[in-house]
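Read the structure below first, then the notes.
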Amino acid sequence: MPQLSKAEKTAVKKVKAQASAKVEVKGMGGYPVNATIKATGKQPRAGHNQDWVDAFDGLTIGDFIAIKNSDKMLGGFQRDTSALRYFVKHGFVTIG
């Protein structure tokens, strides 16, 4: 078996360290990809906001990202992080 040089040994150690490190897959806004958007039952005053809640209720953050990154719109609703943060902040949806 051939001997590894000092540089090669260092490279092997770095690769092992990277492989053993836990990787946390972040979705959007610090929420994990598999977290679900759930309606709380609190209804917004504006009808179009309630339509947004109904459209995205039950989706995961991963689904939300996929819709956001596609060129297709879901029912014409705004689907960016600011809209999601707004609905979480005002208690219309929870993420978990």
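In this chain, numbering begins with 1 at the start of the sequence shown.
Partners of Q43 under the side-chain hydrogen bond (donor to acceptor under 3.5 Å, both in side chains) rule, at least two apart in sequence or in another chain, do not exist in this structure. N34 meets the side-chain hydrogen bond (donor to acceptor under 3.5 Å, both in side chains) test with no other residue; sequence neighbours excluded. Taking D57 as the reference, K38, A39 meet the side chain to side chain contact (heavy atoms under 4.5 Å, CB included) condition, with sequence neighbours excluded. The side chain to side chain contact (heavy atoms under 4.5 Å, CB included) check on T10 picks up K14, with sequence neighbours excluded. With sequence neighbours excluded, the residues that form a side chain to side chain contact (heavy atoms under 4.5 Å, CB included) with A46 are H48, N49. Residues passing the side-chain hydrogen bond (donor to acceptor under 3.5 Å, both in side chains) test with T60 are D63, sequence neighbours excluded.
Here the closest heavy-atom approach between residue V53 and residue P44 is recorded as CG2-CG, 4.5 Å.
Looking at V88, I65, I37, T36 one by one, the single match for side chain to side chain contact (heavy atoms under 4.5 Å, CB included) with Y31 turns out to be V88. When the options F87, F92, F64 are evaluated for a ring-ring contact (aromatic ring centres under 6.0 Å, His included) with F56, the one that passes is F64.
Distance OG1/T94 to NZ/K42: 12.5 Å, rounded to 0.5 Å.
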